[in-house]
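Shown next, in structure tokens, is the structure this report addresses.
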Amino acid sequence: MEREPFDPADFERLRDSVPWISQVYAHVSLASTNEEAARLARDGAPDGTVVVADYQTAGRGRLDRSWTAEPGTSLLVSWIARPAITRDDFPLLTLATAAAAAEAIERESGVTVDVKWPNDLLARGRKIAGILAEAVNGAAVIGLGLNVRQSEFPDEIAATATSLLRERSRPVGRARLLGVILNAFEPFAAAPRSALESYRARCDTIGKEVRVERPDEEPLTGRALRVADDGSLIVEAGGMETAVAAGDIVHLRV
């Protein structure tokens, strides 16, 4: 595997190519980009603050799962968004990020990207990226971990993970790709509901039999019908429709 050298200046130049970006902090190593971005948000950092790292020592995804990647292989980034939207629309920023990232990855790499509700990006059914969005001090802190140059994965995820290199066979520059993603995100951040059409068109969960692991509730097994306007997943189980606002989804084979 050929790792991509990490030059902070490549990422700092995004301020010139992405108009809404206000500042970029590029780290060779960091515990977690989301934790650092959350700290900056609590200190009042402005909209468009970006934190990127070549390597994370304590990266995490949804449900506090760990996220690990070798240096030079992944795009590990978090950014602060302070859009003028209603509180009800804030949860839609996760879906808006997924739609923006999927569109940008396809445009830059040619790899077809689907979405597993709510925030995993898939290529040919295998996970290529994950998104974590958190509300901090009135802002949204949005984290993205994208597999870019991995040629192989640990045994425990080898059957379920992939990377742009494996799907495309030739490298994609991380800084350039991040610029395309952030440019695609801007209009969706201002109007998150405008991302729903793109998200629904890519949502691989719809129509599948699923098991939903829900916080503080019994698992729900049924058929995923649609994504509602508020971003929740509508699941039919036992003749009834249930709106799932948060949970871990397993696509079942039938």
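Start at 1 with the first residue, then count along the sequence.
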What's the separation between atom CD1 in Ile142 and atom CG in Asn119, rounded to the nearest 0.5 Å? 11.5 Å
Is the shortest heavy-atom distance from the side chain of Asn34 to the side chain of Glu134 under 4.5 Å? yes
Do Arg82 side-chain atoms and Ala45 backbone N/O form a donor-acceptor pair below 3.5 Å? yes
What one should report as the nearest heavy-atom pair of Trp20 and Gly48 is CZ3-CA, 3.5 Å
Close side-chain approach of Leu121 and Ile105, heavy atoms under 4.5 Å: yes
Check whether any side-chain heavy atom of Leu95 sits under 4.5 Å from a side-chain heavy atom of Val227, and report yes or no. yes
Kindly indicate whether the side chain of Arg166, heavy atoms from C-beta on, has any atom under 4.5 Å from the side chain of Arg126. yes
Spell out, yes or no, whether Ile21 and Phe188 are grouped together once hydrophobic residues are joined by side-chain heavy atoms under 4.5 Å, including indirect joins. no
With a 4.5 Å heavy-atom cut-off, do Leu146 and Leu164 have their side chains touching? yes
Indicate, with yes or no, if the rings of Phe185 and Trp79 have centres closer together than 6.0 Å. yes
Please check if the side chain of Ser74 supplies one atom and the backbone of Leu76 the other of a donor-acceptor pair under 3.5 Å. no
Are the charged groups of Glu241 and Arg226 less than 4.0 angstrom apart, N to O? yes
Between Thr49 (side chain only) and Pro46 (backbone N and O only), is there a donor and an acceptor less than 3.5 Å apart? yes
Donor-acceptor pair, side chain of Asp114 and main chain of Leu122, under 3.5 angstrom: no
Ring centroid separation for Phe6 and Tyr55, is it under 6.0 angstrom? no
Minimum-distance pair of heavy atoms, taken over all atoms of Ala133 and Thr94: CB-OG1, 3.3 Å
Whether Arg200 and Asp229 form a salt bridge (side-chain N of Lys/Arg under 4.0 Å from carboxylate O of Asp/Glu) is what I want to check. yes
Donor-acceptor contact below 3.5 Å, side chain Thr205 vs main chain Trp117: yes
Would the distance check show the side chain of Asn137 and the main-chain N or O of Ala139 forming a donor-acceptor pair, the cut-off being under 3.5 Å? no
What pair of heavy atoms forms the shortest contact from Arg223 to Gly207, and how long is it? NE-O, 3.5 Å
When clusters are formed by joining ILVMFWY residues with side-chain heavy atoms under 4.5 Å apart, either directly or through shared neighbours, do Val180 and Val52 land in the same one? no
Is the backbone N or O of Thr33 less than 3.5 Å from a side-chain atom of Gln56, with the two atoms forming a donor-acceptor pair by type? yes
After noting the C-alpha distance and the side-chain angles of Asp230 and Ser232, does the key distance pass the side-chain hydrogen bond (donor to acceptor under 3.5 Å, both in side chains) rule? CA-CA 6 Å; Asp230 64 357; Ser232 61; 2.7 Å; yes
Ignoring hydrogens and angles, tell me if any N or O in the side chain of Tyr199 forms a donor-acceptor pair with the backbone of Thr97 under 3.5 Å. no
Hey, is the main chain of Ala195 close enough, under 3.5 Å, to the side chain of Glu197 for a donor-acceptor pair? no
Taking Ala175's backbone N and O only, do any of them form a donor-acceptor pair with Asp10's side chain (distance below 3.5 Å, no angle check)? no
Polar contact flag, side-chain donor to acceptor under 3.5 angstrom, Ser198-Glu103: yes
Closest heavy-atom pair and its distance - Glu108, Arg168: O-NH2, 4.0 Å
Answer yes or no: is there an ion pair linking Arg214 with Asp248, defined by an N-O contact shorter than 4.0 Å? no
dist Asn147:CG -> Leu165:CG (nearest 0.5 Å) comes out at 11.0 Å
Could you tell me whether the side chain of Leu233 reaches within less than 4.5 Å of the side chain of Ile249, counting heavy atoms only? yes
Report yes or no: do Thr112 and Glu106 form a side-chain donor-acceptor pair below 3.5 Å? no
Kindly indicate whether the side chain of Thr242, heavy atoms from C-beta on, has any atom under 4.5 Å from the side chain of Leu220. yes
Pro19: side chain to side chain contact (heavy atoms under 4.5 Å, CB included) partners, not counting sequence neighbours: Asn183
Looking at Asp120 and Lys127, is there a salt bridge between them, counting it only when a charged N and a carboxylate O are closer than 4.0 Å? yes
Closest non-hydrogen contact found for Ala37 with Ile80 is O-CD1, 3.5 Å
If hydrophobic clusters are built by linking Ile, Leu, Val, Met, Phe, Trp and Tyr wherever their side-chain heavy atoms come under 4.5 Å apart, do Ile206 and Ile234 end up in the same one? no
Tightest non-hydrogen contact, residues Gln23 and Arg15, listed as CA-CD, 3.9 Å
Criterion side-chain contact (heavy atoms from CB on, under 4.5 Å) on Leu144 and Ile181, from CA distance to verdict: CA-CA 10 Å; Leu144 172 70; Ile181 291 171; 3.8 Å; yes
Decide yes or no for Phe153 and Thr160: does some side-chain heavy atom of the first lie under 4.5 Å from some side-chain heavy atom of the second? no
Run the numbers on Asp204 and Lys208 for side-chain contact (heavy atoms from CB on, under 4.5 Å), then give the verdict. CA-CA 8 Å; Asp204 189 55; Lys208 284 187 165 57; 3.2 Å; yes
Before accepting this row, confirm whether a basic side-chain N of the pair Asp89/Arg193 lies closer than 4.0 Å to the acidic partner's carboxylate O. yes
